[in-house]
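Take a look at the structure set out below.
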There are 2 protein chains.
Amino acid sequence: MSNPQELEDVTAQACCAPLSGPVLGEREAAELAGVFKALSDPVRLRLLNLIASHEGGETCVCELTGRFEVSAPTVSHHLKVLRRAGLIDGERRGTWVYYRVVRERLTRLSGLFALPASPRPEARSPSSR
Amino acid sequence: MSNPQELEDVTAQACCAPLSGPVLGEREAAELAGVFKALSDPVRLRLLNLIASHEGGETCVCELTGRFEVSAPTVSHHLKVLRRAGLIDGERRGTWVYYRVVRERLTRLSGLFALPASPRPEARSPSSR
DNA sequence: CATCTAATTTGACATCCATCTATTGATGGA
DNA sequence: TCCATCAATAGATGGATGTCAAATTAGATG
């Protein structure tokens, strides 16, 4: 799961500066978009939620399949997508596989939506172009 | 743009509790996923970034088209998607249309990725099932 | 009213993606 | 070694989505 060559992280240096910060380059935008794409599915969101809120910090896949209206392979697929986005990481222990969230990743995303103190509404110059 | 019946907000009560919080219901997950879907495109991300970082707090569409490798109708389409997700709002003034970010929306997203103090790693009960 | 420009909508098309069934890989017990 | 179970992969398919060109709407101006 955390095997280096098995699944490269497509979003290595994505995300950091807030969305209201300096202009996003094409590359950063693409990487960031990848993370959000991973979060853009209801099932994946619920999977992430279950894993993140599970006591012990990790969840067995066997606890996830059957809890959704989709088949086990589909759950597996979604876990893979979350993993490729760097949001979770998995580890096999005997028969079962356990997933946990990548804390730093979630923490970083949080900062993305920070906004500056004020949008200076007095500066509303209509046709200032 | 902010015309009530023109474009209903599909994510009215989406998002609030952190992803690590109480279990996400199907409906909340679907609504939240919608917001992330809106953020899952590089062009949309750059548009949002430009609007959010523009001085005066708003940006004329005329400043956005031509700044991308996509056509004007496509930019318009993406702005509509961001609008439907409740991330931006637009207003026509004379010939031009101006967009601004919905601050509270971005602020709320920030809280989503908050994590509890510690995942209690000692509680790693392998096959507690 | 005619016309020009800004922005959006429409319709078409190619690609991507979530889902399933069937199969394969991995682990552990009889 | 054989089999049962958990998890992931492979391949197929229907629906969603990003894109564009062309048409349309909305204001401003002559």
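Chain letters run A, B, ... following the sequence lines, proteins first, then strands; residues in each count from 1.
A search for side chain to side chain contact (heavy atoms under 4.5 Å, CB included) contacts involving Arg27(B) returns Glu31(B), not counting sequence neighbours. Every residue meeting the side chain to side chain donor-acceptor pair (under 3.5 Å) condition with His78(A), not counting sequence neighbours, appears here in chain and number order: Arg44(A). In this structure, the side chain to side chain contact (heavy atoms under 4.5 Å, CB included) partners of Thr59(B), at least two apart in sequence or on a different chain, are Ile51(B), His54(B), Glu63(B), Leu64(B). Applying the side chain to side chain contact (heavy atoms under 4.5 Å, CB included) rule to Ser110(A) yields the partners Ser110(B), Phe113(B); only residues at least two apart in sequence or on another chain are considered. Checked against side chain to side chain donor-acceptor pair (under 3.5 Å), Thr74(B) has the following partners two or more places apart in sequence or in another chain: Ser71(B). Scored by the salt bridge (charged side-chain N to carboxylate O under 4.0 Å, His left out) test, Glu69(B) finds Arg46(B) as partners (sequence neighbours excluded).
Rounding to whole angstrom units, CG of residue Leu79(B) and C1' of dA6(C) are separated by 13 Å. Between Phe36(A) atom CZ and dG18(D) atom P there is a gap of 15 Å when expressed in whole angstrom units. A straight line from CG of Leu64(A) to P of dC6(D) spans 14 Å, rounded to a whole angstrom. Atom CG in Leu82(B) sits about 14 Å away from atom C1' in dG18(D), given to the nearest Å. Going from atom CD of Glu91(B) over to atom C1' of dT8(C) covers 17 Å, rounded to whole Å. Here dA7(C) presents its P atom at 14 Å from CZ of Phe68(B), a figure rounded to the nearest Å. We find that OH of Tyr98(B) is positioned 14 Å from P of dG27(D), with the value rounded to whole Å.
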Under 4.0 Å protein heavy-atom contact, by nucleotide of nucleotides 21-30 of chain C - B base, S sugar-phosphate only
BB----SS--
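Side chains of Tyr99(A) and Arg83(A): a donor-acceptor N/O pair is present below 3.5 angstrom, by distance only.
When distances run from any side-chain atom of Lys80(A) to the nucleotides dT19(C), dT9(D), dC17(C), the shortest one goes to dT9(D). Each of dA6(C), dA18(C), dA7(D) was ranked by its minimum atom distance to the side chain of Cys60(A); first place goes to dA7(D).
Of the inter-residue distances, the one linking Arg84(A) atom CZ with Leu79(A) atom CG reads 14.0 Å to the nearest 0.5 angstrom.
Judged by distance alone, with hydrogens and angles left aside, the side-chain atoms of Ser76(A) form no donor-acceptor pair with the main-chain N or O of Pro73(A) at under 3.5 Å. Judged by distance alone, the side chain of Arg92(A) and the main-chain N or O of Gly94(A) form a donor-acceptor pair under 3.5 Å.
DNA chain D is contacted by Asp41(B), Arg44(B) of residues 41-51 of chain B, taking any non-hydrogen atom closer than 4.0 Å.
Between Leu32(A) and Leu39(B), the closest side-chain pair of non-hydrogen atoms is not below 4.5 Å.
Under 4.0 angstrom from either OP1 or OP2 of dC17(C) there lies no side-chain N or O belonging to Lys37(B). Between Tyr99(A) and dA8(D), a side-chain N or O to OP1/OP2 separation shorter than 4.0 Å is present.
When the local axes at the two ends of the helix from dC1(C)-dG30(D) to dA30(C)-dT1(D) are compared, using 5 base pairs at each end, they differ in direction by 10° after rounding to 10°.
Residue-level contact check: His77(B) touches the bases, meaning some heavy atom is under 4.0 Å from a base atom.
Taken together through direct or relayed side-chain contacts under 4.5 Å among Ile, Leu, Val, Met, Phe, Trp and Tyr, Leu109(B) and Leu24(A) form part of one hydrophobic cluster.
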